[in-house]
**Q** 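So that we are looking at the same thing, I have put the structure below in structure tokens.
We name chains A, B, ... by the order of the sequence lines, and we start the count at 1 in each one.
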Number of protein chains: 2
Amino acid sequence: MDTLETRELRYFVAVAEELHFGRAAERLGMAQPPLSRAIQQLERRLGVCLLQRNRRGVRLTGAGEVLLHEGRAALNAIAAAARRTRRAGGADSPGGPRGLLVLAVKAAASHELLRRLLAAYAAEPDSAEIEVLPCGIREQEELLRDGRADVALMHTPWNSLAGFDSEELTTEGQVAVLPAGHPLAARGTLSLADVRDVPDLPLARWPTRGTYAPGPGPEIHNQTQLAQLIALGRTVAVVPDSARSWLWAEHTAVPLTDAPPVVTHIAWPAHSRSLALAGLVRTAARL
Amino acid sequence: MDTLETRELRYFVAVAEELHFGRAAERLGMAQPPLSRAIQQLERRLGVCLLQRNRRGVRLTGAGEVLLHEGRAALNAIAAAARRTRRAGGADSPGGPRGLLVLAVKAAASHELLRRLLAAYAAEPDSAEIEVLPCGIREQEELLRDGRADVALMHTPWNSLAGFDSEELTTEGQVAVLPAGHPLAARGTLSLADVRDVPDLPLARWPTRGTYAPGPGPEIHNQTQLAQLIALGRTVAVVPDSARSWLWAEHTAVPLTDAPPVVTHIAWPAHSRSLALAGLVRTAARL
DNA sequence: CGCGGTGATACCTGGCAGGTATGACAGGAC
DNA sequence: GTCCTGTCATACCTGCCAGGTATCACCGCG
């Protein structure tokens, strides 16, 4: 009587995202009428109006917004339960894998730290196997939430640690990456203002939540592209010190005096209680 | 094909907790055979063995343990979605409540801070209604997780903030609460060692996760009981400074020099994004 | 060797999820 | 006004599956 079925959550989230019963039904691989009925039934069971069916289209009510957020979180938790259970399966069978941890890392970030962590953990007794899953920085949080990953190396201020348990690992400064021949490349240190005010080298722009801030610099989609544009003398970028590991010969990194420090954390879903994870975190904290 | 139904999660959690199909079925209000079948089906769908059916009883496998943990979290998320949606319902109807926030507080803790917070928030424009839900300190986290509460006042080091977003509010010292006539009550300050070493006043013992640590002091179940035992000269307790608000005339509070400080936070589920909650947090941070 | 207690199997049935066909209604073109 | 179109809701049917009852297979124990 008061327990939501995952089917209903899936249906509602689809409708709330599409704001269109027909398209939502198509996305769900079903016909539109049963979907309409299911949503009505959900509204009756909750005793709440979720959607404002106006002539021409659908809008979310306040309660609908709440269910969209909370429902997404619940669906993530359900998917995580299924994935983590599957991953743990077979760990009992003697001779089988003793456990597998999926570690989400932003591609090419903290390369040296990661190398040392993997080596140190592999040397531990009873260590589990670690699968390294390179991904985008925004993706990490989603991967942890929906169970595709178990643990992640995160970097403030870019990642948000809200909702996760975490342990601080290292702090590093940031550097400006310039084309090797540029006059500024000869300086020993720079300030953010120096970098922002170079007229011939507009600061590269990264997407924040899918959109680019306005500005003169080029829009960057991946690191290779950035590296090339810097090498060509078209842009300059501010990156953490450890990013030196992927610089080209044609790049020069100059330390910045006033850039915010970058802190690397190891983070995991707050409720996790696996031995393998605890071992990895302990190893990381001792590095 | 790979999506867990909440029904299956409920069933599995019941069986995993009871470790007995018959009792689990009874708890679920159903017959035992369909429950057995549902669990088998779940195991087949996940491709994982969850339970070790021995002669005489059932045991969890590793994968079963994982599903028990993750499944509980998922069920909490689902219950939270339903409850918060219901609570948000009707907030659209003009004239209806503009919103209701449920605030979980440990009974009698941070009394003055709470009073000021409620007053300051009520004075804000567009403030929602606040329902204060007094509860035990361990309960708070569960209430936030399953949606019975939206926000809580938590106290480190007793509460864990893992999994929540939070804002630090105040830090306070701790005091020893003694019977008024006791020799130690005349002292201006005390150390933890002083309090622990009084032979005639054994330190009161609080339950930690339902069990009591061994020791000579009385086992405390609630604050009233503690207050009475102190007044009777049977025990001594270490409590935060703000607990002075519930002391009796026959009590004397003496500051402790070396007790760990108590930090009060306002905490909420990390993914929450409601305007009313944001307003309350902003008000609290400005106090 | 029964007996009690366990989970598994066999079989049946009612409800409900989902499909198809169609209605109701609003807007736009003219 | 009168179509036509795009939307969501309703009506009705059907097949599947969740759940019930009866029973089995197994084991430990007095």
Side-chain angles (χ1 to χ4, degrees), chain A residues 1-61 63-64 67-68 71 75 78 82 92, chain B residues 1-61 63-64 67-68 71 75 78 82 92:
Chain A
M1 141 80 170
D2 69 294
T3 190
L4 294 181
E5 286 301 320
T6 70
R7 184 178 46 85
E8 302 177 291
L9 284 176
R10 271 202 344 265
Y11 288 2
F12 176 75
V13 168
V15 172
E17 284 177 352
E18 299 283 349
L19 292 177
H20 190 291
F21 280 79
R23 281 195 299 273
E26 191 182 3
R27 205 175 96 182
L28 292 165
M30 65 187 293
Q32 168 260 318
L35 179 57
S36 280
R37 230 193 7 194
I39 300 290
Q40 284 175 302
Q41 199 170 320
L42 176 62
E43 286 180 307
R44 271 190 298 111
R45 292 225 333 253
L46 287 172
V48 155
C49 177
L50 298 169
L51 298 168
Q52 198 103 26
R53 285 96 156 159
N54 281 345
R55 44 189 166 277
R56 225 94 193 147
V58 176
R59 270 186 10 209
L60 283 175
T61 66
L67 187 58
L68 178 56
L75 288 175
I78 293 165
D92 295 298
Chain B
M1 140 81 173
D2 68 295
T3 191
L4 295 181
E5 287 299 321
T6 69
R7 184 179 46 85
E8 300 178 293
L9 284 176
R10 271 199 347 262
Y11 289 2
F12 176 75
V13 169
V15 173
E17 284 178 353
E18 299 283 348
L19 292 177
H20 189 291
F21 280 78
R23 281 195 300 275
E26 191 181 3
R27 206 175 96 181
L28 292 165
M30 65 187 291
Q32 169 260 320
L35 180 57
S36 279
R37 231 193 6 190
I39 301 290
Q40 284 175 301
Q41 199 170 321
L42 177 63
E43 286 179 308
R44 271 192 295 113
R45 291 227 332 255
L46 288 171
V48 156
C49 176
L50 298 169
L51 298 168
Q52 200 102 26
R53 283 96 158 160
N54 281 344
R55 47 187 164 277
R56 224 94 194 145
V58 176
R59 269 190 6 211
L60 283 175
T61 65
L67 187 57
L68 178 57
L75 288 175
I78 293 165
D92 295 299

**Q** Whole angstroms only, please: what is the CD-P distance between Glu5(A) and dC17(D)?
**A** 15 Å

**Q** Would you list the protein and nucleotides 17-21 of chain C atom pairs, both N or O, that sit under 3.5 Å from each other?
**A**
residue: dG18(C); atom: OP1; partner: Tyr11(A); partner atom: OH; Å: 3.2
residue: dG18(C); atom: OP2; partner: Tyr11(A); partner atom: OH; Å: 2.8
residue: dG18(C); atom: N7; partner: Arg37(A); partner atom: NH2; Å: 2.3
residue: dG18(C); atom: O6; partner: Arg37(A); partner atom: NH1; Å: 3.1
residue: dG19(C); atom: OP2; partner: Ala31(A); partner atom: N; Å: 2.7

**Q** Send over the distance from Glu8(A) CD to dC16(C) P, rounded to a whole Å.
**A** 12 Å

**Q** Take the protein atom CD1 of Ile39(B) and the nucleotide atom P of dA18(D), then report the distance between them rounded to whole Å.
**A** 12 Å

**Q** Show me the donor-acceptor pairs within less than 3.5 Å that the side chains of residues 32-41 of chain B make with the rest of the protein, sequence neighbours left out.
**A**
residue: Gln32(B); atom: NE2; partner: Ser36(B); partner atom: OG; Å: 3.1

**Q** Using a cut-off of 6.0 Å, state whether more than 12 heavy atoms not belonging to Arg23(A) lie near its atom CZ.
**A** yes

**Q** How many whole angstroms separate atom CG of Leu51(A) from atom P of dT7(D)?
**A** 16 Å

**Q** Would you say a side-chain N or O of Arg53(B) is under 4.0 Å from OP1 or OP2 of dA8(C)?
**A** yes

**Q** Between atom CZ in Arg23(A) and atom P in dT7(D), what is the gap in whole Å?
**A** 7 Å

**Q** For the pair made of CZ in Phe12(A) and C1' in dC8(D), what is the distance, rounded to whole Å?
**A** 16 Å

**Q** Report the residue (His20(B) or Gln40(B)) whose heavy-atom-nearest nucleotide on DNA chain C is the more 5′ of the two.
**A** His20(B)

**Q** How close or far is atom C1' of dA18(D) from atom CZ of Arg10(B), stated in whole angstroms?
**A** 12 Å

**Q** Phosphate oxygens OP1/OP2 of dC8(D): is one of them under 4.0 Å from a side-chain N or O of Ser36(A)?
**A** no

**Q** Which whole-number value in Å describes the distance from Glu18(B) CD to dG7(C) P?
**A** 11 Å

